[in-house]
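Below is one structure, written out as structure tokens; the observations come after it.
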Amino acid sequence: MDSAISKVADAGLSSLFQSMFDTLTPSFLQSLGFLFGGVEGEAQKLQTTLSRIQDLLKDAEDRQIREESVRRWLRDLKDAAYDSEDIIDEVEYQVLRSKIEGAQTQTRKRKLTDPVFDFVSSSVSNLNMGPRIKEIRERLEEVESRSNHLHLKVMLKSQMLIPGKRHPTSFIIDESIVFGRETDREKVVGLLTSDDDSLAANSGIQVVPICGMGGLGKTTLAQLAYNDERVVKHFEVKAWVYVSQDFNLIRLANAIVKSVTGSDPHLTNLDPVQVSIKEALKGKKFLLVLDDVWNENCNDWDELRAPLMVGARGSRILVTTRSKRVSSNMGTLPTHSLQGLSDDDCWSLFESRAFVQGNNSDAHPDLVKIGKKIINKCNGLPLAVKTLGGLLRSVVDVVEWEAILKARYGTCQKKEMTFCPL
């Protein structure tokens, strides 16, 4: 039972660290530099600390089952992580509040050095955020230092600050393990293949955003639409590009050329690679998927979009993002806001993960009863369901399943997380 609880607790801890890490984006850190004196540097240090600790969690997860010392370390880390999340949430709120107040009192032409901005900046700086971030960072580092005697293994290049830590995506998908996205698929395919642009915000190449919180399956939905037979027949050229937080224009432009032509230009200047994009797409009806977009800078988007405008009428760009601002900046057609799965679809997904190798769910009615209680707490998040299903894969011990259910209540007891895979 203890091992089952530990597994669940650690899965929640991993997603909690990822959520905090994802919040500290480059644009967010830049905002801190404007609004809070001396806070940007501390937030960057905290981000680095979170990155290092993330690299330890996988080994800790593997070893906690048999080592009590690792389980104790994870419990201490979880307590510190919850307090860290509280601080990051408060900083995020203050940044948003300051931007709103600034927008209400400044004209669009005023610069950040105006007295009004100085007033907003000085008022929020009185919240003493710098020392508070430093305090929680040092607490995390103290817990991290106690991992030395545990000899936890670190991922390769873990000392590097790599945004997002998410694996690059592609358009390849096994549709047999996808449940409950038929209606979403139909809507997105309709937006991609319709010749009626009456709902478009402007003429030219239309952009369809898929927006939703992490773990909902935005990439999965994009893959389903990309591989749909109607979409395949509708477009002359299709390309898939994984964006992530590293919105490097030259990298992305090269990736578009490679996806369209199959050859890697390895160009280091923006102008020639944009020319290559225009030559590859001119007069063709194309579909370009930009998966996992974080950058909210309109100017960057304008530069990336410029060479794409040579495509034929009916061309589409499909964007997946967590950010409503990205969706608003890039979208020209209505945003498809992705929602959670139904309980029935969650159960089908969970069942496909947890009951394998001949362990038919019909043969284990007690486990089914417990399992349905577990997935009801997943808030319709496919990633949460898959995480739990993976933890219970091939496990047929009722005691362990009950422990998972109890641990689910305890994992989010202190604070209801925006995304909790448990």
Side-chain angles (χ1 to χ4, degrees), residues 18-19 21-22 25-27 162-175 177-178 181 184-185 187-189 191-193 205-228 231-232 234-235 237-262 264 277 280-281 286-297 300-301 303-305 307-308 311 315-339 381-383 386 419:
Q18 186 63 55
S19 176
F21 190 94
D22 288 345
T25 62
S27 60
I162 304 174
K165 293 297 182 79
R166 184 187 174 195
H167 295 298
T169 63
S170 78
F171 62 86
I172 303 298
I173 185 174
D174 180 359
E175 296 189 23
I177 60 174
V178 179
R181 289 304 185 197
D184 295 290
R185 180 178 189 164
K187 288 182 178 179
V188 173
V189 168
L191 289 170
L192 294 178
T193 59
I205 306 302
Q206 305 303 332
V207 182
V208 179
I210 299 175
C211 188
M213 65 186 292
L216 274 176
K218 299 180 295 295
T219 297
T220 298
L221 177 56
Q223 290 168 329
L224 290 173
Y226 189 93
N227 290 284
D228 189 278
V231 171
V232 173
H234 188 78
F235 294 99
V237 177
K238 296 195 297 134
W240 181 286
V241 174
Y242 173 64
V243 181
S244 79
Q245 293 182 26
D246 180 23
F247 197 95
N248 181 293
L249 283 170
I250 296 178
R251 178 186 71 83
L252 294 176
N254 274 287
I256 292 172
V257 174
K258 183 177 180 179
S259 186
V260 171
T261 67
D264 193 345
I277 292 175
L281 296 180
F286 70 84
L287 168 64
L288 170 63
V289 173
L290 299 175
D291 184 39
D292 196 27
V293 179
W294 291 74
N295 191 316
E296 298 176 350
N297 189 315
D300 288 343
W301 165 232
E303 285 197 70
L304 181 64
R305 178 181 56 184
L308 302 172
S315 293
R316 294 287 190 271
I317 300 173
L318 180 62
V319 175
T320 71
T321 182
R322 300 184 188 188
S323 169
K324 291 183 180 179
R325 181 172 295 181
V326 168
S327 176
S328 176
N329 289 346
M330 299 178 69
T332 62
L333 291 174
T335 296
H336 183 78
S337 298
L338 194 59
Q339 306 299 319
L381 294 172
L383 182 57
K386 289 192 288 186
F419 167 66

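On a predicted model such as this, the values are computed, not experimentally measured, just so you know.
By the 4.5 Å heavy-atom criterion applied to side chains, F247 and L252 are counted as neighbours. Taking 4.5 Å as the limit, every side-chain heavy atom of Y226 sits out of range of all side-chain heavy atoms of I173. Annotation: side chain of L333 is in contact with side chain of R316 (closest heavy-atom distance under 4.5 Å).
In terms of modelled atom types and a separation under 3.5 Å, the side chain of T193 and the main chain of V231 share no donor-acceptor contact. Listed for the N254 side chain is a donor-acceptor partner under 3.5 Å among the backbone atoms of I250. At least one donor-acceptor pair under 3.5 Å links the side chain of S259 to the backbone N or O of W240. Counting only distance, with no hydrogens or angles, the side chain of T321 and the backbone of S323 share a donor-acceptor pair below 3.5 Å. Remark: the backbone N or O of L338 is not paired with any side-chain donor or acceptor of K218 at under 3.5 angstrom. With R251 contributing its side chain and V243 its backbone, the two residues share a donor-acceptor pair below 3.5 Å. With hydrogens and angles disregarded, a donor-acceptor distance shorter than 3.5 Å links the side chain of N227 to the backbone of F171.
For the residue pair G311 and I205, the shortest heavy atom distance occurs at O-CD1, 3.9 Å. Residues P382 and R181 come closest through the heavy atom pair CG-NH2, 4.1 Å. Considering all non-hydrogen atoms of both residues, L221 and H336 come closest at CD2-CD2, 3.7 Å. The nearest pair of heavy atoms linking A225 to V188 is CB-CG1, 3.8 Å. Residues L191 and P334 approach most closely at CD1-O, 3.9 Å, considering heavy atoms.
Going from atom CG of N329 over to atom CG of D300 covers 11.0 Å, rounded to the nearest 0.5 Å. Atom-to-atom distance recorded for L192:CG and L287:CG is 5.5 Å, nearest 0.5 angstrom. Note that CG of N297 and CG of L304 are 12.0 Å apart. Values are rounded to the nearest 0.5 Å. Distance CG/N295 to CD/Q245: 10.0 Å, rounded to 0.5 Å. One finds the CD1 atom of I210 at 7.0 Å from the OG1 atom of T320 (value rounded to the nearest 0.5 Å). The distance from atom CG of L281 to atom CG of L308, rounded to the nearest 0.5 Å, is 6.5 Å.
At a cut-off of 3.5 Å, with distance as the only test, no side-chain donor of T219 or T169 sits close to an acceptor on the other residue.
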From CA spacing to verdict: side-chain contact (heavy atoms from CB on, under 4.5 Å), M330, L290: CA-CA 11 Å; M330 299 178 69; L290 299 175; 4.0 Å; yes
Between M213 and L381, does the side-chain contact (heavy atoms from CB on, under 4.5 Å) criterion hold? Intermediate values first, please. CA-CA 9 Å; M213 65 186 292; L381 294 172; 4.1 Å; yes
Q223/V178 under side-chain contact (heavy atoms from CB on, under 4.5 Å): CA gap, chis, key distance, verdict: CA-CA 11 Å; Q223 290 168 329; V178 179; over 6 Å; no
Going through the distances and angles, do F286 and I317 end up as a side-chain contact (heavy atoms from CB on, under 4.5 Å)? CA-CA 8 Å; F286 70 84; I317 300 173; 4.3 Å; yes
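The number of heavy atoms from other shown groups lying within 6.0 Å of NZ (K258) does not exceed 12.
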